[in-house]
Amino acid sequence: MNARLKSDIHDQQLLVIDFGSQYTQLIARRVREVGVYCEILPFDHPPERLAERARRARGIVLSGGPESVTLGSSPRIPANLLEPDRPVLGICYGMQAMAAQLGGAVGSSERREFGHADIEVANGSRLLSALEFDPGNRLPVWMSHGDKVTAAPPGFSVTASTDSAPIAAMEHDTRPWFGLQFHPEVTHTRQGEEIYRRFARDVCDCEGLWTPGNIVADAIKSARRQVGDGKVVLGLSGGVDSSVVAALLSRAVGEQLTCVFVDNGLLRKNEREEVEAAFAPSNALNLNLVTVDARAEFYGKLAGISEPEAKRKVIGNTFIDVFEREAKKIEGASWLAQGTIYPDVIESAASAYGKAHVIKSHHNVGGLPERMSFKLIEPLRELFKDEVRKIGMHLGLPRELVYRHPFPGPGLGVRVLGEIKPRYCGILREADAIFIEELRNAGYYDRVSQAFAVFMPVKSVGVVGDARRYEPVIALRAVETVDFMTARWAHLPYALIERVSNRIVNEIAAVSRVVYDVSSKPPATIEWE
Ligand code: XMP
C-alpha cells in the first residue's frame, strides 16, 4: 500500500468559507484539482465549530458573495479566522471583507464590472509573479463585482490593477494573506488553476495527496473500518453514483455487499443487460448482484394514473416496497449504502443552520434507513460529481457508464406523458435509443448535458410510402447546462435532427411524427413531467 496513506489524505486540507457566491463550489473543485482536499462551510456556521475546523486547515479561501461590505449588516469574516500565520486567500467579496475589516476601504462602483478584463501584475507578488504573462505583465481574468477595494489595508501592497479596478489584487507584506478581485476559479481566467496551485501547494504547503488513487484507497480503508464484518445492501440504479459505490464497496468488502437492481419496466433500452454486464463476476467485481424483475408490479400499480406527481409517488413507493422485500431476504444485512455526494451534504448543512435551500428528494432512498433500521454508509459524501467520475474510471468502470447523461429516478415514467403503458414504454425505448446512437455517432453526446426522447400520447396523421399512418408523436429533448437549474435547448445541427427523425419514423411503425423541443429552462423544466 502507498506509504503516503500513513498520513491521512485529509491531514492537509483547506477550508472554503462561503459568502454565497455562485462560484463557491467551483473554488472547492479547483483546490481539489490541484490535489488538495477542502471543505466548504457557510460564513455563519457556529463560530466555535468554524474555529475548530479552521484549526485543522492549512489555509482558508474566502469566497465571493452577492452582498456589499459597505452595508453594516453584511457578512463579516469571523474574527478568529484571521491569524497572522494562517494563509488566507480572499476572492472578490472575500477580498473586500478583508480590506474592510483590516483597515482598508471599499467603495461602491457606479456600475457592475462583469466579464473579461486584463490585469497588470506588479513585480514581486508571491502569488502571481511566477505566472506566464502577455506583454506588459498582463493577464486576462474574469471579473464579476459591483464594489471594489479603494484603499489597501496597512501592511498590504497592491499586486495587480486594471483600468477600472486599481486594486485588483493585494497581498500582505509579511503575512500569507492575499486578495483577488477577479475569479481565478472561472475558466475564463487564464492560469486560474495555477493561482490555486500556488496558494494551496506552495503558500499552504500541501503536498497534493488528493488523487483518484489515494481517494479510492482511503475510501476502501474507511469502508472496511466502518462495516467490519457486517453485510451491506445497495440499490444499484445503473447511474454513475450508485455504480461507483458498488465498485468501491466491492473492492472494500467483497461478497459482504449485495446490490439490488430493480427492473421497474421504466428503464432505457438494454439498461438491465448493461448493468448486469458491468457488474458481472468476470469483471473481477466480487459482489452479489440480485436483479429483481418488478415490471409487472410497477405497471400494475401505475395503471390508470396520469397525473405526474401521483405517478412519481407510486413509482417511489413501489420501489421502496420492492427493495425492502429483497433486502429482507439478505440475512444479517445491517448497512444500507447510498450514493450521497458532497453537494447534497453542503445543502443539508446549510439548511440545518436555517438557510433557505431546497433539498432534492432522492426517490430511491426515502425513508428506508429508518423503516428497516439500517445503518448508513455513504462512501461518496466527500466527493463532487467530477471526482466521482474520476474514481469510477480509476476503478475500471466502463466509460459509457461513468459519463452517461443523468437519468431521473422515475425513469421513463416521467417521459411517457400521462398514463404509462408497457407498449408506450417499448416505443419510447426504441426512439430514445435511436436518438442517443445518432448523437454518439455525430460526436454530440458529450457536447450536450442531457438528451432523451419523450412519448406523447396524442395521435397525428402521417403518410409513409402510400399508407396513411395515424399514430403517436415523439419529441426530442437535448439541453446544455452546467448545474441543471437553468438550461438552454441544444442547438443541434439540422442534419442530425433530420437523420434522427427519419430513422425514428422509418424504423418504428408506431410513430407518425417527430418534433424537437426548443424550450429552455426556465420557463420549461428539462423533463416534461
Ligand atoms: P427538471 O425536469 O426539474 O430536471 O428540470 C432537472 C434534472 O433533474 C432530473 N430529475 C430527476 N432526478 N429523480 C431524479 O433522480 C427525479 O424525480 C427527477 N426529476 C428530474 C432531470 O433528469 C434533470 O437532469
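Ligands are counted one by one from 1 in listed order, and the atoms in each one are counted from 1 as well. In what follows, residues are counted from 1 in the order of the sequence shown. Being a predicted model, the structure only gives us computed values, none of them experimental. Keep in mind that the numbers below use all heavy atoms, side chains included, and drop hydrogens, waters and symmetry copies.
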Structural part of P410 in contact with ligand 1, heavy atom criterion under 4.0 angstrom: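 Side chain only; the backbone of P410 stays clear of ligand 1.
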
Output yes when the distance from some N or O of ligand 1 to some N or O of [X] is under 3.5 Å, and no in every other case.
X: R415; answer: no
X: P406; answer: no
X: F407; answer: no

Which atoms of ligand 1 sit under 4.0 Å from any heavy atom of [X]?
X: T525; value: 1 (P), 2 (O), 5 (O)
X: R312; value: 16 (C), 17 (O), 18 (C), 19 (N)
X: K521; value: 1 (P), 3 (O), 5 (O), 6 (C)

Pairing of K231 and E331 as salt bridge, 4.0 angstrom limit: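 Salt bridge between K231 and E331, a charged N being under 4.0 Å from a carboxylate O: no.
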
Between W142 and F114, what is the ring plane arrangement, given parallel below 30°, perpendicular above 60°, and tilted in between?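 Rings of W142 and F114: perpendicular, as their planes differ by over 60°.
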
Aromatic plane relationship, F19 with Y93 - under 30° parallel, 30 to 60° tilted, over 60° perpendicular: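 Aromatic pair Y93/F19 classed tilted.
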
D386, CG atom: more than 12 neighbouring heavy atoms under 6.0 Å: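 Yes, CG of D386 has more than 12 neighbouring heavy atoms, counting only those of other groups under 6.0 Å.
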
Check: L209 main-chain N/O paired with N214 side-chain donor or acceptor under 3.5 Å: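 Here the side-chain-to-backbone pair exists.
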
Indicate yes or no for a side-chain donor-acceptor contact from R224 to the backbone of A252 under 3.5 Å, with no hydrogens or angles considered.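 Side chain of R224 to backbone of A252, a donor-acceptor pair under 3.5 Å: yes, one is there.
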
